[in-house]
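Data block below; observations after.
Predicted, not measured: the structure shown is a model, and the values here were computed from it.
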Amino acid sequence: MPGLLLASIQRFDLSTGISEAGWNALHSNAARANLVLPHAEKVFGRQKFTPKIDATEQLWLAYSQPGTSDISLMLSCTEGPLGKYPLFIIPTIPIADFTPELIESSMEALCSALLGEPGFRKERVFSIFSVEIITEAFALTWERLTGISRIKKPYYSAYFSVCTESTLIRQERPPRLSEDMVFESRLAVEQDADDIAVLCREFAAPPDPFTLSEEKAGKEARLLIANKSVWVLEIKKRKEGPGNEKPEIATIVAATRKSEGIATISKVYTPKKWRGKGCAEILVRHACIELLQKYKEIVLYVGVELGSAKKVYGRVGFQGLDDESPLSERWLEIGFDQDKVELGHW
């Protein structure tokens with residue numbers, strides 16, 4: 001039986017490259033594939049990234065239903081500049097087509113293929129992120145085959161939301177600042193690196209399992225700036241004077257995953273001092289306006305429990321932010337016993 005299951009799996013790595021069918025499956029589902037496609041393009045030199053990704057752990061598995069060559073799922077087990085990524089599984093057919101039998105057989109095949117990889121260590125799989133039903137099925141199968149327990153409380157439960165030129169709400173709400181303060185939304189520059197590093201580290205602070213050291217936060221900030229992937233909302237006194245404090249960054253917005261037609265906002269963070277003043281909405285809208293000059297869709301994952309954040313993104317024009325929306329699609333990240341795995345970062 002395992003041999004029959006593995007027969008429906010194609011594997012790709014740095015030496016083999018990704019097949020034309022694999023690239024087509026990703027490009028045909030570019031919005032959902034935002035977790036996999038941009039990274040693969042950087043690894044194989046299909047898009048510019050500073051510096052070149054030289055991590056060697058890059059593996060992709062494509063699942064096709066037995067008897068067909070059509071790819072239904074793409075799994076990535078890859079590594080970026082800051083460490084190893086979670087497993088990502090991208091559906092490349094409609095979610096409604098995933099019958100219980102298909103989900104069970106595909107998860108068994110993918111888990112068996114991973115465990116059959118020469119030199120693969122089960123401790124590498126610290127979490128899985130995909131559409132809710134696939135994440136849950138993979139976690140159960142992986143737990144059964146490896147004996148590594150899944151953590152009952154998900155790391156992340158989110159709505160997959162999208163903003164386009166037709167849904168974008170351009171009308172700007174003024175920030176709730178004192179009269180002597182002014183703001184500016186702009187792309188970050190090198191001089192912002194130290195301040196952005198502090199905010200990146202705060203964004204990843206506990207209870208987030210993927211914390212950043214001061215060194216890695218600094219590296220992330222420099223990468224974001226070098227690749228023109230982070231915007232800042234800067235606030236300062238209206239009239240500069242000798243006693244004035246230096247300008248402060250009140251919010252950052254990062255869009256680190258981009259492919260043809262699709263950009264993904266991967267980080268939005270406002271420190272406590274500036275929350276409740278409309279800063280995030282202003283900067284997210286500003287970033288979206290700039291991104292939509294080049295990309296057709298902007299993807300954003302929004303935590304299911306983050307009511308205020310969903311309102312902010314809804315006012316900008318993101319769709320699919322609740323279960324009632326016809327575009328609603330829930331994604332889930334489940335972690336595995338941290339005493340038995342090696343945590344990465346994303």
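- The distance from atom CG of L292 to atom CG of L168, rounded to the nearest 0.5 Å, is 6.0 Å.
- With hydrogens and angles disregarded, no donor-acceptor distance shorter than 3.5 Å links the side chain of N227 to the backbone of L224.
- In this structure, a donor-acceptor pair under 3.5 Å is absent between the side chains of T264 and S266.
- Looking only at atom types and distance, the side chain of Y269 has a donor-acceptor partner in the side chain of E202 under 3.5 Å away.
- The CD1 atom of I71 sits 5.0 Å away from atom OG of S19, with the distance rounded to the nearest 0.5 Å.
- The hydrophobic clustering, which links ILVMFWY residues whose side-chain heavy atoms are closer than 4.5 Å, places F126 and L332 together.
- Residues K277 and P175 form no side-chain contact, since every pair of their non-hydrogen atoms from C-beta on lies 4.5 Å or further apart.
- Clustering ILVMFWY residues whenever any of their side-chain heavy atoms sit less than 4.5 angstrom apart, transitively, puts I265 in a cluster other than the one holding L35.
- By the 6.0 Å and 45° rule, R46 stacks over the aromatic ring of W23.
- Note: F210 and F203 fail the aromatic proximity criterion, with ring centroids not under 6.0 Å apart.
- Salt bridge annotation for R11-E117: present, with a cationic side-chain nitrogen under 4.0 angstrom from a carboxylate oxygen.
- In the hydrophobic clustering of this structure, I262 does not group with V302; members are Ile, Leu, Val, Met, Phe, Trp, Tyr whose side-chain heavy atoms approach within less than 4.5 Å, directly or through other members.
- Contact check for V131 versus E329: side-chain heavy atoms found under the 4.5 Å cut-off.
- Looking only at side-chain heavy atoms (C-beta outward), K340 and S149 stay at 4.5 Å or farther from each other.
- With salt bridges taken as basic N to acidic carboxylate O contacts below 4.0 Å, none links E220 and K216.
- Below 30°, between 30° and 60°, or above 60°: for F129 and W346 the angle between ring planes is between 30° and 60°, a tilted geometry.
- In this structure, the side chain of N34 does not engage the main chain of A30 through any donor-acceptor pair within 3.5 Å.
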Quiz item: Can you check side-chain contact (heavy atoms from CB on, under 4.5 Å) on R173 and E281, steps first, answer last?
Solution: CA-CA 8 Å; R173 294 156 55 100; E281 181 179 335; 2.8 Å; yes

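- S178 and D180 share a side-chain donor-acceptor pair at under 3.5 Å.
- We find the CD-CD distance between E132 and E136 to be 5.0 Å, quoted to the nearest 0.5 Å.
- Of the N and O atoms on the side chains of Y156 and D208, not one donor lies less than 3.5 Å from an acceptor on the other residue.
- In this structure, R285 and R315 approach most closely via the heavy-atom pair NH2-O, 3.1 Å.
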Quiz prompt | side-chain contact (heavy atoms from CB on, under 4.5 Å) between K122 and W142, intermediate numbers included | solution = CA-CA 9 Å; K122 61 185 180 181; W142 190 255; 4.0 Å; yes

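- Between P51 and L223, some side-chain heavy-atom pair lies under the 4.5 Å cut-off.
- Annotation for E172: atom CD counts as buried by contact number, over 12 foreign heavy atoms lying within 6.0 Å.
- Taking 4.0 Å as the cut-off between side-chain N and carboxylate O, E342 and R121 count as a salt-bridged pair.
- A salt bridge between K84 and E57 is present, with a side-chain N of the basic residue lying under 4.0 Å from a carboxylate O of the acidic one.
- T135 places a side-chain N or O within donor-acceptor distance of the main-chain N or O of S130, the cut-off being under 3.5 Å.
- The shortest heavy-atom contact between G80 and H39 is CA-CE1, 4.1 Å.
- Ring-plane geometry between W60 and F44 is classed as tilted, the angle between the planes lying from 30 to 60 degrees on a 0 to 90 degree scale.
- The structure places CD1 of I225 at 7.5 Å from CD of E190, a figure rounded to the nearest 0.5 Å.
- Note that the CG atom of L321 and the CG atom of L306 stand 11.0 Å from one another [nearest 0.5 Å].
- Here OG1 of T256 is found 7.5 Å from NZ of K267. Values are rounded to the nearest 0.5 Å.
- Taking the six-membered ring for Trp, Y313 and Y159 have ring centres at least 6.0 Å apart.
- A salt bridge does not link K236 to E184: none of the charged nitrogens lies less than 4.0 Å from a carboxylate oxygen.
- You'll find the side chain of L115 reaches within 4.5 Å of the side chain of L145, heavy atoms only.
- The two atoms that bring F98 and L102 nearest to each other are CD2-CD2, 3.7 Å, heavy atoms only.
- The hydrophobic cluster containing I148 also contains I128, counting ILVMFWY residues as joined when their side-chain heavy atoms lie under 4.5 angstrom apart, directly or transitively.
- Taking the six-membered ring where tryptophan is involved, the planes of Y85 and F88 are tilted, since the angle between them lies from 30° to 60°.
- Between the side chain of S106 and the main chain of I103, a donor-acceptor pair closer than 3.5 Å is present.
- Of the possible donor and acceptor atoms, none in the side chain of S185 sits under 3.5 Å from a partner among the backbone N and O of H286.
- The closest donor-acceptor contact from the side chain of S112 to the backbone of A109 lies at 3.5 Å or more, if one exists at all.
- The pair D194-R222 does not meet the salt-bridge criterion, since no charged nitrogen lies less than 4.0 angstrom from a carboxylate oxygen.
- Few gaps surround CG on N24; more than 12 heavy atoms of other groups in view lie less than 6.0 Å from it.
- A chain of hydrophobic side-chain contacts below 4.5 Å, direct or via other Ile, Leu, Val, Met, Phe, Trp or Tyr residues, connects L187 to I235.
- Between L59 and L14, every side-chain heavy-atom pair lies at or beyond the 4.5 Å cut-off.
- Considering every non-hydrogen atom in both G335 and S127, the closest pair reads CA-CB, 3.9 Å.
- Exactly one of I298, L300, V268 qualifies for a side-chain contact (heavy atoms from CB on, under 4.5 Å) with V284. That residue is V268.
- Between K42 and K48, every side-chain heavy-atom pair lies at or beyond the 4.5 Å cut-off.
- The main-chain N or O of V189 is found under 3.5 Å from a side-chain atom of D192 such that the two form a donor-acceptor pair.
- We find that R150 and D337 are not joined by a salt bridge, their nearest charged nitrogen and carboxylate oxygen being 4.0 Å or further apart.
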Self-check item: Candidate pair R330 and D323, rule side-chain contact (heavy atoms from CB on, under 4.5 Å), full reasoning
Solution: CA-CA 8 Å; R330 283 201 188 201; D323 289 327; 2.8 Å; yes

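- Checking side-chain atoms of R186 against main-chain N and O of W231 turns up no donor-acceptor pair under 3.5 Å.
- Of all heavy-atom pairs between I151 and I334, the closest is O-CG2, 4.0 Å.
- Between S15 and D13, the side chains place a donor N or O and an acceptor N or O closer than 3.5 Å (distance only, hydrogens not considered).
- In plain terms, the two heavy atoms of A188 and V232 that are nearest each other are CB-CG1, 3.9 Å.
- K310 NZ: more than 12 foreign heavy atoms inside a 6.0 Å radius.
- The backbone N or O of V341 sits nowhere less than 3.5 Å from a side-chain atom of R124 that would complete a donor-acceptor pair.
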Exercise. Determine, stepwise, if the pair F138 / L87 fulfils side-chain contact (heavy atoms from CB on, under 4.5 Å).
Key: CA-CA 10 Å; F138 181 94; L87 293 190; 3.4 Å; yes

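- The backbone N or O of A21 lies less than 3.5 Å from no partner atom in the side chain of Q10, so there is not a single donor-acceptor pair.
- At a threshold of 4.5 Å between non-hydrogen side-chain atoms, the residues I90 and L73 do not count as touching.
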